[in-house]
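In the text below, chain A, chain B and the rest are named by the order of the sequence lines, each starting its count at 1. Here the structure is a predicted model, which is why all the values come from computation and not from measurement.
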Number of protein chains: 2
Amino acid sequence: MARTAGSIGTETAKRVLKEALSLFAHHGYAAVSTRQIAKACGLQVGALYNHFPTKQSILHGLMSAHMQDLLEALAGSNFSNDPAGALEVFTRFHIRYHIDKPEEVFIAYMELRNLEPEPYSEVMKLRQQYERTLRGILRDGQAAGVFKIDDVPVTAMSIISMMTGVNTWYRYGGRLSASEIEEIYVNLVLSVVGLGKTATPKLEEIA
Amino acid sequence: MARTAGSIGTETAKRVLKEALSLFAHHGYAAVSTRQIAKACGLQVGALYNHFPTKQSILHGLMSAHMQDLLEALAGSNFSNDPAGALEVFTRFHIRYHIDKPEEVFIAYMELRNLEPEPYSEVMKLRQQYERTLRGILRDGQAAGVFKIDDVPVTAMSIISMMTGVNTWYRYGGRLSASEIEEIYVNLVLSVVGLGKTATPKLEEIA
DNA sequence: AAATTAAATAAACACTTGTTCATTTAAATC
DNA sequence: GATTTAAATGAACAAGTGTTTATTTAATTT
């Protein structure tokens, strides 16, 4: 046998990325063989190399596409002018995106060390761009005197870690819906900068 | 050649664990070969099998020992009776431990999926015990009316993610000392439950 | 001091790894 | 409709995988 009836290059390439995404997310890049990927696509190993020059390039393709996607989606968000509003938008965006694309997010975090130097620094640049956006919001709020922050860089990383952590426990169909989780995280993140909604009711103490 | 002069089994076993820890932390369990481990120890591959029955058992040994260690150290901490004090102690403990043993912590998180079913559930049980401790503190504070918490389980996971995130950016000799980081995190975590020290000065608004 | 046990080497085991290549067949182009 | 290009197969490549084994030597026990 040879070329399969109905086979089209671009579609096969997409299928490879999709199956590799799932396999890498479940078992890790290093633990997945090219033959496993091919099998998941219903192909022989050799066929992969019509679409990707190396196994590494599949990982790079996945991570690069994800970071581009993330940054584009972030850029498409509607940020309000007041810092608290902007931080809320950022939080909702991050949580929603991470709940919607858990495998992409997971790989982007877990497989960084398996990227060769050049792809690594490319992906890291995009990552840092995302983090810089949050730091900007925090600094604005701090300058405006509405956020109470000890240390902006540490607080930014803490907020990102806190939010990204949703992927370690959230499973579709669980106790809470995505919207409920989003609301909880908005509150948590605003609390971190001293603006918790539920942290205010000390009225009895004042009265 | 054969048995090396001065070689003692228990010490070699420790050396294997130490080198494997470093290699697994840097490249990941699946990406490290038994020959690499042996070489780092100044041994031939076969010698490993005098001390560990499988490569998997080395990973299991590392993760199991780490979790035992973590829980013992936690149990040795002096928890105060008031919830805010207890949460502060927990936070200081977690940050300090994670800064002191970054490789152990990193592996315990990253390599869970590479454990076979039995070791996996053993390690997961210890992990859940640790998380349960934090949930207990949060629930106590909520019941006492001193913590403002929307959802205890989500808040607990958020706090753990936030704190553990310190390992993604902290490097020895950086801008902040371990003690400074500890202080910042105490403040961050207390903020999350509505008790931020810096989050109170709204006196002008009241006056 | 002799016998036993522990810890190492060196070589081999069967199998898997990522990648390449000649070949075949389908789709696209002329 | 013939030619070229694209996409697949299947076999092979050399290197690397975790693990086992026979053997040697050092440490420990008797």
Which residues share a salt bridge (charged side-chain N to carboxylate O under 4.0 Å, His left out) with B:R96, sequence neighbours left out | B:E182
Distance, rounded to the nearest Å, where A:Q44 contributes CD and C:dT24 contributes P = 17 Å
Please determine if a side-chain N or O atom of A:Y49 lies less than 4.0 Å away from the OP1 or OP2 oxygen of C:dT19.
-> yes
Results of side chain to side chain donor-acceptor pair (under 3.5 Å) for B:Y109 - residues two or more places apart only | none
Could you state the atom-to-atom distance from CG of B:L43 to C1' of D:dT19 in whole Å?
-> 16 Å
Do you know which two heavy atoms are closest between A:N167 and A:H98, and how far apart they sit?
-> OD1-O, 3.0 Å
Whole angstrom value for the distance that separates C1' of D:dA27 from CD of B:E11 = 13 Å
Identify every side-chain donor-acceptor pair in residues 78-86 of chain A under 3.5 Å, counting partners at least two apart or on other chains, and give the distances.
from: A:S80; atom 1: OG; to: A:D82; atom 2: OD1; distance (Å): 3.1
from: A:S80; atom 1: OG; to: A:A86; atom 2: N; distance (Å): 3.3
from: A:D82; atom 1: OD2; to: A:G85; atom 2: N; distance (Å): 3.0

Report yes if at least one side-chain N or O of A:S33 is closer than 4.0 Å to OP1 or OP2 of C:dT16; otherwise report no.
-> no
Out of D:dT19, C:dG18, C:dT9, which nucleotide sits closest to the side chain of A:K55?
-> C:dG18
Roughly, in whole Å, what's the span from CG in A:L48 to P in C:dT19?
-> 10 Å
Is any side-chain nitrogen or oxygen of A:T12 closer than 4.0 Å to OP1 or OP2 of D:dA8?
-> yes
Output yes when at least one side-chain N/O atom of B:H51 is less than 4.0 Å from OP1 or OP2 of C:dA8, else no.
-> yes
Distance in angstrom units between A:K39 NZ and D:dT9 C1', rounded | 16 Å
What N/O pairs connect the protein and nucleotides 11-14 of chain C at under 3.5 Å? Give each pair on its own line.
from: C:dA12; atom 1: N6; to: B:R35; atom 2: NH2; distance (Å): 3.4

Can B:Q36 and B:H27 be counted as having a side-chain donor-acceptor contact under 3.5 angstrom?
-> no
What integer distance in Å separates A:F52:CZ from D:dA7:C1'?
-> 14 Å
Separation of B:N114 atom CG from D:dT17 atom C1', in whole Å?
-> 15 Å
Salt bridge (charged side-chain N to carboxylate O under 4.0 Å, His left out) partners of residues 62-72 of chain A, not counting sequence neighbours, each pair once | A:D69-A:K101
Under 3.5 Å, is there an N or O donor on one side and an acceptor on the other linking the side chain of B:N50 and the base of C:dA6?
-> no
Using whole Å, report how far CD of A:Q56 lies from C1' of C:dT19.
-> 14 Å
Please, which pairs that meet ring-ring contact (aromatic ring centres under 6.0 Å, His included) have at least one residue in residues 123-182 of chain B, sequence neighbours excluded?
-> B:F90-B:Y130, B:H94-B:Y130
